[in-house]
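Okay, so here's the structure we're looking at.
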Amino acid sequence: MSTVIECQNIVKRFGNLIANDNISLKVNNNTVHCILGENGAGKTTLMKIFFGILQPDSGEIFIKNKKVRFRSARDAIDLGIGMLFQHFQLIDNFTVIENVILGREITKGIVIDIEKTRKLLKFYIDKYNLGLELDKVINELSIAEQQKVEILKLLYRDSEIMIFDEPTAVLSPYEVSHFFEVINSLKSAGKTIILITHKLSDVERVADYVTVLRRGKKVYETDRDKLNIDEVAKQIVGNIAINQTEQIERLNYNEGEIAIEINKLTLVDKGIKFLSNLDLKLYFGEIYGICGVEGNGQKEFVDIIMGLRKPTSGTINIKADGISLVPDDRLKKGMIKEFSIGENVLLRMKSGVLLTRTKSQRVADKIVIDYDIKVGGSDVAMASLSGGNQQKVIVAREIFIDNKILIFHHPTRGVDIIATEYIHSKIIEQKKLGKAIILISSELEELLKLSDRLGVIYKGSIIKEFEEKTIKTKNNFLIEKIGKLMIGIDE
């Protein structure tokens, strides 16, 4: 089996932080190679070097045994490398076809050859079962559909080496299954896949090879034949114990004072019904989980509770002065990436609270230590942090605000094993303090682990609720039933 891309002794520094520390790696042709590691381990940095966005301080890169030096991503694209980022690189008010061909238009003379372009894109859509409509506007698409647009971009640019950065972090279990069908189709077509992931289930499902990075160093490699998931988990976290929150005693939930009461909440916008007669009661001292395929009203539900949108009809009664929110998209909704950790903390303080820059910096320093955020210092811009470390800052900040109601919308998306367990423990801690918590997640395991009650949302309605006693069973029948409800099957 031939090596298609290789790096030797790659070193990359950001100030005092060594993101990649003398890493050497080979990726073989027509394989799925998974790159794992905790937040700040250097995974995305190394892949950005492979894609030409970053240049190494030292070390060498080889494509098909030929030494290359990328000056930009265009150089990498020209050599058949494509990258799908955690945060999609799409223009919301452009159509699918406009996004895909932008900067790489097929022309006939001085005009775009739209007929040839459409024919080519429809060929890829059909071949890989992407199910996309070329004239749909991006902001009308679900997260899973937007991801498929990104995959279509890679195919259109004739990428032979495809780098995926945490691709399953934004998908529901149902969508994950379809995503891996696409991955298998790509591999069958001769593509080489590099998959950055935190999910061991992803590795079990598709990995031909596995590489683990820890604190900038390569610490472990194995192939499919020798794959041991327990060993991979151990290598990711080192000597730190995982699954700590499984040991936390779940407090019995007793129905108490209502924090939020929602009756027949409906939202219709431009003829589209986002929410339909949604009923929900949230009590102080409980975690109410909401599960569903992305795009079934979760986002609109949160927008209404946070006062960002007005419902068409229905009532909502909130019995608290403020609500903390960990949003579903940290980059667009959770931070100003050019600002420091301290400045981002300062932005979310309640009106009337005097918080000087010095004090906000002390809070930021505490957040960095308590949440083990991998960063050279708390005064650096949020943009310099890995996605998982950015998420930890946002979770820490929203908890620090100390509101009585908290909404966690995908709180562990793109977060490593250790940080996930820590965030889970913090959510449980807030419950113990009597807070009312809404947990929205595409991770069914996360919801079953933390929720006192669980509601399944489908087409804008909570169509089924499960009580604590049922949730605790966590049996295969329950998981299968919830999975069917998420796609509208109620047997």
Side-chain angles (χ1 to χ4, degrees), residues 14-15 17 19 38-40 43-45 48 53 85-92 139 143 146 165-166 169-170 196 198 298-299 302-303 305-308 322-351 353 355-403 405-416 419-420 422-423 426-427 430 438-441:
F14 296 99
L17 181 69
E38 60 182 331
N39 294 128
K43 307 180 300 295
T44 301
T45 298
K48 284 182 177 179
I53 293 175
F85 295 88
Q86 260 187 301
H87 296 279
F88 304 148
Q89 312 292 297
L90 300 172
I91 300 173
D92 286 347
N139 59 21
I143 296 294
Q146 290 180 32
D165 192 357
E166 296 287 352
V170 297
I196 303 174
H198 287 119
Q298 297 95 320
K299 175 183 174 294
V302 172
D303 284 348
I305 290 179
M306 297 303 296
L308 299 175
I323 301 175
S324 289
L325 170 66
V326 174
D328 59 328
D329 189 328
R330 56 180 166 262
L331 199 59
K332 291 182 179 179
K333 304 175 185 177
M335 64 183 183
I336 299 177
K337 64 180 181 178
E338 295 81 9
F339 282 20
S340 70
I341 296 173
E343 289 167 333
N344 273 277
V345 169
L346 186 63
L347 285 171
R348 282 288 286 129
M349 292 302 100
K350 297 176 183 177
S351 60
V353 174
L355 189 63
T356 64
R357 188 174 293 272
T358 302
K359 187 174 179 182
S360 71
Q361 195 60 52
R362 286 201 299 270
V363 173
D365 291 341
K366 180 174 172 55
I367 285 172
V368 167
I369 294 168
D370 287 354
Y371 283 74
D372 190 28
I373 293 164
K374 310 295 189 302
V375 64
S378 62
D379 57 344
V380 302
M382 288 281 281
S384 67
L385 275 63
S386 69
N389 281 307
Q390 290 171 350
Q391 185 76 357
K392 286 193 281 185
V393 170
I394 294 166
V395 169
R397 178 192 66 197
E398 295 304 311
I399 288 175
F400 176 80
I401 294 169
D402 199 29
N403 284 318
I405 299 174
L406 300 96
I407 301 174
F408 293 94
H409 197 172
H410 301 305
T412 58
R413 177 174 280 176
V415 172
D416 63 50
T420 293
Y422 189 75
I423 289 170
K426 286 295 185 182
I427 293 173
Q430 292 302 299
I438 293 175
L439 173 63
I440 304 172
S441 176

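Values reported hereafter were calculated over all heavy atoms of this structure, with side chains retained and with hydrogens, waters and symmetry mates removed. Everything numeric in this text was worked out from a predicted model, so none of it was measured.
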First locate atom [atom1] of [X], then atom [atom2] of [Y], and finally report the distance between them rounded to the nearest 0.5 Å.
X      : Y      : atom1 : atom2 : answer
Met335 : Ile394 : CE    : CD1   : 5.5 Å
Asn139 : Leu90  : CG    : CG    : 11.0 Å
Leu346 : Glu343 : CG    : CD    : 8.0 Å
Glu166 : Ser386 : CD    : OG    : 9.5 Å
Leu406 : Ser324 : CG    : OG    : 5.0 Å
Gln390 : Asn344 : CD    : CG    : 9.5 Å

Quiz item: Which heavy-atom pair separates Lys337 from Leu331 by the least distance, and what is that distance?
Solution: CD-CD1, 4.2 Å
Quiz item: Is the shortest distance from a Lys or Arg side-chain nitrogen in Asp165 or Lys48 to a carboxylate oxygen in the other one below 4.0 Å?
Solution: no
Quiz item: Do Lys333 and Asp329 sit within salt-bridge range, that is, some charged N less than 4.0 Å from a carboxylate O?
Solution: no
Quiz prompt | Minimum side-chain heavy-atom gap Leu17-Val380 below 4.5 Å | solution = no
Self-check item: Validation row: Val326, Arg397 side chains within 4.5 angstrom (heavy atoms)
Solution: no
Exercise. Determine the sole option in Val395, Ile438, Ile440 for which the side chain to side chain contact (heavy atoms under 4.5 Å, CB included) test with Phe408 is passed.
Key: Val395
Exercise. Please answer whether the main-chain N or O of Ile196 pairs with a side-chain N or O of Lys43 as donor and acceptor at a distance below 3.5 Å.
Key: no
Quiz prompt | Donor-acceptor pair, side chain of Tyr371 and main chain of Tyr422, under 3.5 angstrom | solution = no
Exercise. Test Asp92 against Lys332 for salt bridge (charged side-chain N to carboxylate O under 4.0 Å, His left out), laying out the working first.
Key: CA-CA 12 Å; Asp92 286 347; Lys332 291 182 179 179; 3.6 Å; yes
